[in-house]
There are 2 protein chains.
Amino acid sequence: MRLSTKARYGARALVDLALARPEDTTCVRDIAERQCISPKYLEQIMARLKAAGLVKALRGRHGGYALSRPAASITIKELFEVLEGPVAAVECVDDPASCPMSDVCPTRETWVQMKQALQNVLEQTSVQDLVDRENQR
Amino acid sequence: MRLSTKARYGARALVDLALARPEDTTCVRDIAERQCISPKYLEQIMARLKAAGLVKALRGRHGGYALSRPAASITIKELFEVLEGPVAAVECVDDPASCPMSDVCPTRETWVQMKQALQNVLEQTSVQDLVDRENQR
DNA sequence: AATATCCCTACTAAGAAAGTAGGATTGTAG
DNA sequence: CTACAATCCTACTTTCTTAGTAGGGATATT
């Protein structure tokens with residue numbers, strides 16, 4: 001059960017944007033270079049973040065990306081759902097009807113607890129929290 | 001970040017074994033039929049559980065599998081690590097040296113927290129807990 | 001008009017997941 | 001002692017996902 005590079009790269013990209021002044025834009029090439037990510041791949045990731053409304057883009061020369069909201073209001077859970085999909089590790093957690101035994105299955109409750117535990121962590125962490133950590137060093 | 005069928009099937013198989021008398025053995029075919037799992041696939045899963053010492057096997061006619069310890073002493077975390085691998089969703093959590101930026105990276109701490117949260121749930125749940133849930137209905 | 005940026009789509013190579021398949025080995029019951 | 005039912009072992013296959021690569025189109029600035 002590994003986290004994809006999309007989610008990890010995306011998190012670092014958001015922190016990178018949050019470190020810039022909110023009114024400035026940062027181009028993909030610069031983020032990619034600082035974060036050691038393939039620029040073309042990061043482009044796709046940023047496109048998804050934009051579609052989800054987490055960042056906004058400015059096209060043309062001197063264009064780039066910026067957070068669309070204050071870093072403190074963007075949670076890692078949002079990022080996770082955009083780039084990694086549902087937090088639930090088993091389908092029946094979100095959709096009991098997907099398994100005919102959902103209402104009797106003793107394992108399902110554990111998968112539900114797993115989701116809740118994960119979600120707690122992801123919801124409680126904002127991009128600003130990550131920035132604060134970075135600044136503490 | 002989905003849980004594999006191996007882990008899910010394995011969990012159900014252990015519960016199935018726990019429902020039998022401890023001194024009895026249950027053959028793969030029976031478990032597979034009750035749990036709606038491909039018998040040949042379940043064979044491979046049981047082999048892994050045996051190699052990890054969670055179950056013991058008896059060969060030959062009227063052979064089969066049984067839990068090697070009381071159900072209350074087998075945690076889902078053990079099962080998870082055998083069939084799903086490390087609980088950490090990112091490599092640097094268990095092995096900081098795998099990434100040169102581990103000691104500065106602000107995202108790592110969140111991945112660590114994710115692991116801890118998951119681990120809490122998995123450690124606190126034993127096969128016996130699952131059996132108890134099943135019996136409550 | 002040149003250029004630097006985002007935007008969009010398609011392609012690919014490698015690996016993992018989820019089984020399928022076929023038989024070898026072993027212990028027991030008749 | 002023989003047939004059989006079970007585990008054991010290894011290889012194969014098919015499908016899906018991941019992690020990119022590639023090439024160009026649209027657009028705004030200088």
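Letters A, B, ... are given to chains in the order of the sequence lines, protein chains preceding strands, and every chain is numbered from 1. None of the values given here were measured: they were computed from a predicted structure.
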| said: Heavy atoms only, 4.0 Å cut-off, all strands: where does A/Ala57 land among base, sugar-phosphate and nothing? | reply: sugar-phosphate
| field | Pair of N/O donor and acceptor under 3.5 Å linking C/dT5 base with A/Glu43 side chain | value |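 Between C/dT5 and A/Glu43, which were checked side chain against base, a qualifying N/O pair under 3.5 Å is absent.
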| Can you find an N or O donor on one side and an acceptor on the other, under 3.5 Å apart, linking the side chain of B/Arg61 with the base of C/dA29? |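 Such a pair does not exist between side chain and base.
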State, with a plain yes or no, whether a side-chain heavy atom of [X] is found less than 4.5 Å away from one of [Y].
X	Y	result
B/Glu91	A/Arg2	yes
B/Met46	B/Leu42	yes
B/Glu78	B/Arg69	yes
A/Pro96	A/Arg108	yes

Between [N] atom [atom2] and [X] atom [atom1], what is the distance in whole Å?
X	N	atom1	atom2	answer
A/Tyr41	C/dT12	OH	P	18 Å
A/Tyr65	D/dT27	OH	C1'	13 Å
A/Leu42	C/dC7	CG	P	12 Å
A/Glu33	C/dT5	CD	C1'	15 Å
B/Ile45	C/dT20	CD1	P	12 Å
A/Gln44	D/dT21	CD	P	10 Å
B/Leu17	D/dT7	CG	C1'	14 Å
B/Arg29	D/dC4	CZ	P	15 Å

| request: Select from A/Ser38 and B/Met46 the residue whose nearest nucleotide in DNA chain D is closer to the 5' end of that strand. | output: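 The residue mapped nearer the 5' terminus is B/Met46.
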| field | Comparing A/Thr26 and A/Met1 on DNA chain C - which has the more 5′ nearest nucleotide | value |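 Result of the comparison: A/Thr26.
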| Under 4.0 Å: is that the gap between some side-chain N or O of A/Lys56 and OP1 or OP2 of C/dC6? | no
| said: Is there a side-chain contact between B/Lys50 and the phosphate of D/dC8, meaning an N or O under 4.0 Å from OP1 or OP2? | reply: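 Yes, such a contact exists.
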| field | Partner residues of B/Asp16 under the side chain to side chain donor-acceptor pair (under 3.5 Å) criterion, sequence neighbours left out | value |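 Once residues adjacent in sequence are excluded, the partners of B/Asp16 under the side chain to side chain donor-acceptor pair (under 3.5 Å) criterion are B/Arg34, B/Gln35.
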| Side chain of B/Arg59: nearest nucleotide among C/dC6, D/dT30, D/dT7? |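 The closest nucleotide is D/dT7.
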| query | Nearest to the side chain of A/Lys40, which nucleotide is it out of D/dG23, C/dA21, D/dA19? | reply | D/dG23
| Any side-chain donor-acceptor pair under 3.5 Å between B/Thr110 and A/Arg133? |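 The answer is yes; a qualifying pair exists.
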| request: Search all heavy atoms of A/Thr26 against all heavy atoms of A/Ala20 and return the closest pair with its distance. | output: OG1-CB, 3.9 Å
| note | Residues in residues 2-14 of chain A with a heavy atom under 4.0 Å of DNA chain D, by number, are A/Ser4, A/Thr5, A/Tyr9
